[in-house]
Amino acid sequence: MDGRYGGSRLTLDGGSLRLTLPDPAETSTGPLATPWRTMVVGDLATVTESDLVTDLASPSKIADTSWIKPGAAAWSWWADNLVDSGWDASWIPELVAYANARNVKIWLWVRWQTVDTDSEREKLFRQYADWGAVGLKIDFVESDGQDRMRWYDEVFAATAKYRLMLNFHGAPIPRGTERTWPHVVTVEADFTPVTFSGVRPNSDAGELALAVVYESGVQHFADSPANYAKQPLAEQLLRVVPTVWDETRR
């Protein structure tokens, strides 16, 4: 997907599939060219193991990818309401330095509206990079209409310029973007895996399994250290579980 068109959906309508667009109209300066429309059909293994969407995406627009480093992450807001927003130059550089001394890198959370214009993106992305942040978690995107797809295109290019990795929360599903812009390391939608406290739909075993089966280049372990310490076997796995895999198999 890109800004040439909005995201489309297939809806089962009786014995037929109906195509639905998020916008009543799409615009193009012409000549009209749209991204691929694809549908993977088959059994569960065929669908989950398919690389069709990324194969059809445009090749990488980033020549040097050495700065793109997936890994496990703590998201303290979920459990402790700490260090999630309100970034200020008076203390963020100190936090970054504290983390770097412990081989930990800092990502910053931001609403998509905060970086909605070229001037905002240029000012803030440069500032975040100067502070030493390595990535941004951009939230509440909540649309795949054409205007938002164009916004994505601008954000991809601007963050690549300042070598900031990307995680989209509260966002539509990815559609091959990670091939074209490999610094997009995850799209969480509204889902946060591997939590052993609070309201959740799974058992402890189900939550632990998500550390493996939930595909994310920056897997968030959002619970508190105290709650992980109560599950020593789970904590042992979480310390060593990979965040990058060569294959997907069912």
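All values below were derived from every heavy atom in this structure, side-chain atoms included, with hydrogens, water molecules and symmetry-related copies excluded.
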Distance-only, no hydrogens or angles: does the R18 side chain make a donor-acceptor pair with backbone N or O of D13 under 3.5 Å?
no
Exam field: side chain E120 to backbone T117, donor-acceptor pair closer than 3.5 Å:
yes
Are any of the side-chain nitrogens in K61 or D153 under 4.0 Å away from the carboxylate oxygens of its partner?
no
Check for a donor-acceptor pair, side chain of T54 on one end and backbone N or O of D51 on the other, with a separation under 3.5 Å.
yes
K137 to W77 six-membered ring, cation-pi geometry met (6.0 Å, 45°):
no
Would you please test R163 and D64 for salt bridge (charged side-chain N to carboxylate O under 4.0 Å, His left out) and show each step?
CA-CA 10 Å; R163 295 194 166 194; D64 176 14; 2.8 Å; yes
Apply salt bridge (charged side-chain N to carboxylate O under 4.0 Å, His left out) to R150 and E154, showing your working.
CA-CA 7 Å; R150 289 170 173 165; E154 299 296 331; over 6 Å; no
Under a 3.5 Å cutoff, is there a donor and acceptor pairing between the side chains of S224 and N227?
yes
Please test L166 against L164 for side-chain contact (heavy atoms from CB on, under 4.5 Å), starting from the C-alpha separation and ending with a verdict.
CA-CA 7 Å; L166 284 169; L164 292 166; 5.9 Å; no
Exam field: side chain D223 to backbone S197, donor-acceptor pair closer than 3.5 Å:
yes
Are D118 and R121 close enough for a salt bridge, meaning some N to O gap below 4.0 Å?
yes
Does NZ or CZ of R148 lie under 6.0 Å from the centre of the six-membered ring of Y152, at an angle within 45° of the ring axis?
no
Quick test of your reading of the model: are E122 and R126 salt-bridged, counting only N-O distances below 4.0 Å?
yes
Determine whether H220 and W107 satisfy the following criterion, ring pair (Phe, Tyr, Trp, His ring centres under 6.0 Å), listing intermediate values before the conclusion.
CA-CA 12 Å; H220 276 126; W107 289 57; 7.6 Å; no
Is the backbone N or O of F140 less than 3.5 Å from a side-chain atom of W112, with the two atoms forming a donor-acceptor pair by type?
yes
May I ask you to decide if the ring planes of Y128 and F125 are parallel, tilted or perpendicular, using 30° and 60° as cut-offs?
tilted
Are the side chains of L238 and L208 in touch, meaning some heavy atoms are under 4.5 Å apart?
yes
For a quick check under 3.5 Å, do S90 and D88 share a side-chain donor-acceptor pair by atom type?
yes
Passes side-chain contact (heavy atoms from CB on, under 4.5 Å), V241 versus V212? Steps please.
CA-CA 7 Å; V241 66; V212 176; 3.8 Å; yes
If we ignore hydrogens and angles and just use 3.5 Å, is the side chain of W67 paired with the main-chain N or O of A160 as donor and acceptor?
no
Got R4 and S28 here, is their nearest side-chain heavy-atom distance under 4.5 Å?
no
Can you name the one residue among D23, T34, T27 that meets side chain to side chain contact (heavy atoms under 4.5 Å, CB included) with Y5?
T34
